[in-house]
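Structure first, then comments.
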Amino acid sequence: MSKKKDLLQGTLDLLVLRVLETGPRHGYAIARRIEQISEDVLKVQQGSIYPSLHRLEDKALIESEWLVEDGKRPVKVYTLSKEGKAYLQAETESWQTFSAAVNTVLKNA
Amino acid sequence: MGRLLKQWRNRLLSLFRDGEKQRELELEMQYHLEALRKEYIQNGMTPERAHRAALARFGGAESLKEECRDAWGTRVVMDLIRDIRYSMRVLSKSRAFSLAVIATLALCIGGNASIFTMLNTLLLKPLPFPESERIVEIYNTYPEVGVTKDESNVPMYLDFKEHVEACSDFGLIEAFSGNIGVDGYVERVNGFAVTSGFFQVLRVRPHIGAFFSEENMVRGQHRVVVFSFNYWQDRYASDPSISGQTVMINEHRFEVRGVAPRSLEALYPNAQIFVAYAWNPANVDPLERHSNDPKLLARLKEGVDLSVAKSQIDARDEEFSKNHAQLRGVLESAGHETKIVALQEERVESVRNVLYLLQVCGLFVWLIGCVNISNLALTRANARNWEFALRRALGGRMSDIGRQLFSEGLLLSLAGAGVGVLFGLLGIRLINTYAMDILPPMPPLAFGEGSLGFMVVMAILTGLIISFLPTVRLFSRNLIKGLSESSRGSSTNRGSQRISSALVCGQLSLALVLLVGAGLLIHSFYNIVTRDYGLDATNVTTLRIPLLGQRYQDNVKVVQFQDRIREIVSAMPGVESVGIGRDVPMYSDYSSGAIQYSGSKMDPNGKPPLAFNTRVSPGYFEALGIKLLRGEVFGPLDVAGSRRGVVIDEKMADLYFNGESPIGRKLVNDFLDPNEEHWPEIIGVVEFAQHERIDDERGYPFAYYSIYDGIQRSFSLFIRSDIGSDLLVAEVRKRLGELDSKLPVFLSGPLIDFVDESLNNRRVIMYLLTIFAVIAMLLSSIGIYGVMAYSVSRQRREIGTRAAIGATRGEIVKLFFKRALRKTAIGLGLGLVGALTLSRFLAAMLYEVESTDFLVYTLITVVLFLVSLLASYLPAMKASRIHPMETLRLD
């Protein structure tokens, strides 16, 4: 796996977690939300959130549940776990520190 | 619930529903695509276009599915980590069990690793020279006269160098020691005299400067020296400008040519200097072809087989034999053959079997250790029945539980190996301190990557072995049923009881084999130290003096010195007697060979008579307590040179003079000189005294020639006195200093120490084997105890019932004893068969003990029997104390 891909994956994971922080969602909703809040800057193929979701689930950062409503297709809904919340917070902080540092360098170097 | 635990649960569950997960993924993605399609249709697209747009927006579904599956794939690694975490928790809960296992394994694996380090360094690793397998040694053998390995000589070297085309380089090497003058004081140095080709044979380059050239091989141009790396480092502080300097060796000026590379230490770890091996070309007498002193090394040409070289050498021997018909008969009757063998093979020949034997014994102990742990683990697995049943009931797969057992086993064995490194290092240190004498010359052992690899392999094997049985047991029964079972049930455990019993039997037999081996060696050792070897070494102090240099060029000076020093020392207070000898008993290699005496004949097989010999002065026999039986020993007549006498021992008198008095007959240790006029005359017969290694057979007869009959420049003093050795040596040194301040003294100390040291070889092997055997015995008695104690605890109810219906305590003890007895009897029986089969391999190391020695076998069997009974006594007593009320107790 290339470094670049790793980076992308890590970023996507973070975005997914952030979206789930606002409440449980299914895959389609998560993809839409990411597109919306990034004002269509991050135009990823929507399907690529699925590896991310499965990875996060494997790490127990998110949990999933099949929701069956009468007369509708069953849908898999993801929820941020307690561990996921803590992880997101830690990652957000470190991401902010990192990007701030990069910005400083870009501005002042 | 912590994240890890959740994760653990998730994975445990997902493990069992691979197919389901695939379907779910499919559904999930379909839902998404459907949603996208609806979105596009709402935006006014036709269903067909919307479908295509949705697919494009979503991306390659198949590859994404693959990626998702990859995300689960990390599971394999994660599972392992999880297993280990869980194992650690389980193991840390049963701390006593874990510690016992780790300690046992550390000992077993560490011990084996140190033996392996020795084995690997000596036998498995090649010598550190380029294409070292092509380095060969060539030497004379005379098997018919008892000489299976002799050395070689200059005529052979010159002949083969010219005519044996299978080899590219030849080199002679012979031990050399001398007195080297450093900054005004004299030091004794040891090393080798080598020809210029020697370094070429090994393909080594000088660390500094140069080696010898061909012209240094001629006497007169030979005063050049090469320092060993170590000596240069220690004495010359790695002086880079050493080449070209001069040093005084044996009072001659030598030019320092250079410094040898470090790699030479692999073969000659103790060499300090290398001097040129020189001879006088004009004086090379082809007849000297059988006066063997230096070793002859050579390098086989590339692609040439040893057998080719051998046939070329044979051809040269044939040629020599043709040209020297006078020697032909003698050489033939001696069975002369020139051998050529790979140097490495030859070097390790003497220790190969011993090292493999030790390793096998070490592995035996390890196996016993593993069996013990298997037993313990089996017991634990039974106790954990409930845990496993619960996991199974919750949907855990058997393979998962099995993997858990294996990861516990591996964790334990790796921890054991980890701690074992310490034991391994300790073992290596012990070998470096105590076993160097019995090994071929080599630098101290070090724990290298080979040893580490060995430990890792052993750890993994151990892990597999100790988790194998519990896992097999796990699969061989219905776990769920375990849930409904009482924790004290006994019926389902019959199987594991049987396995445990079988293991205990196996353990006992392994222990018996080891104990018998150790017992045989101890018996041999006892036989050796209690034998009457004819010398009275107590209260004898010895020290060696080399008279080298120009002052003693004149033979008369040597004789005068020897006379003077005997006079001085015998006049010292407290000295009973003093003598001089060429060799040091139990230390030197005594020369041996064919002899002639008045009326001697070849024996019916055409072999000449043989004898060992040495050279001694008056006072020698008194100082060493060798009693005179007939005639007389050396006296002033011999010193003055007015007679040429020889003293023989009773063995020779009996063997060669069958009852007739040998006194007055002539004897010579030379099978070529036919003129009896030249031979010394037998003046006395002394009792038999062992001079060669103490554990040698009471082999050949012995002859003592006079040290004054010929010149002996390097000799030892033997002083019988009640005064302590240290004081005596110091005093003699002082007196010597008054005679000649430049004389070094070496090989000094109590003679009994030399006797003692000559047994180091046996002692080391005996100690090691004894340690192994004792550990084996302890481990197997623990094994018996464990199994018995466990079976008592499993059968409380049965015992309670017996007690309730009237069994006495004695009867219950008897019942359990009987069971233990059966296991012990089977184990010991198998062990005896094994020991009888395997002890044959020890035969070479035994001394006046048969490998089927009745005493040893009986003693060991009885001891092991008692130990095993003792180990079952405690559980049996415990059983007898079980109260009948147990029957009523419900679990």
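Chain letters run A, B, ... following the sequence lines, proteins first and then strands; every chain starts at 1.
- Counting non-hydrogen atoms of other residues, nucleotides and ligands closer than 6.0 Å to CD of A:E21 gives a total above 12.
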Inset, instruction - Take A:Y28 and B:F58, measure what ring-ring contact (aromatic ring centres under 6.0 Å, His included) needs, and give me the verdict at the end. - result: CA-CA 10 Å; A:Y28 175 63; B:F58 188 79; 9.9 Å; no

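- In B:F468, the CZ atom is not crowded: 12 or fewer heavy atoms of neighbouring residues, nucleotides or ligands sit closer than 6.0 Å.
- Every residue two or more places apart in sequence or in another chain was checked for a side-chain contact (heavy atoms from CB on, under 4.5 Å) with B:Q42, and none qualifies.
- There is no contact between A:A29 and chain B, counting heavy-atom distances below 4.5 Å.
- For CZ of A:R73, the number of neighbouring non-hydrogen atoms (other residues, nucleotides, ligands) closer than 6.0 Å is greater than 12.
- Within residues 25-33 of chain B, the residues that have a heavy atom under 4.5 Å from a heavy atom of chain A are B:L25, B:L27, B:E28, B:M29, B:Q30, B:Y31, B:H32, listed by number.
- Other residues, nucleotides and ligands contribute only 12 or fewer heavy atoms inside 6.0 Å of the CE atom of B:M88.
- For B:A56, the part sitting under 4.5 Å from any heavy atom of chain A is the backbone (N, CA, C, O) and nothing else.
- Taking the salt bridge (charged side-chain N to carboxylate O under 4.0 Å, His left out) definition, one finds that A:R33 meets it with nothing, sequence neighbours left out.
- A side chain to side chain donor-acceptor pair (under 3.5 Å) check over residues 405-415 of chain B, counting only residues at least two apart or in different chains, returns the pairs B:S87-B:S407, B:R384-B:E408, B:Q404-B:E408.
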Inset, instruction - Report the C-alpha separation of A:W66 and B:E24 in whole Å, then their side-chain angles, then the decisive distance to 0.1 Å, and conclude whether the side chain to side chain contact (heavy atoms under 4.5 Å, CB included) test is met. - result: CA-CA 9 Å; A:W66 282 91; B:E24 284 182 6; 3.3 Å; yes

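- Most heavy-atom pairs under 4.5 Å with chain B, from the set A:H54, A:H26, A:R32: that is A:H54.
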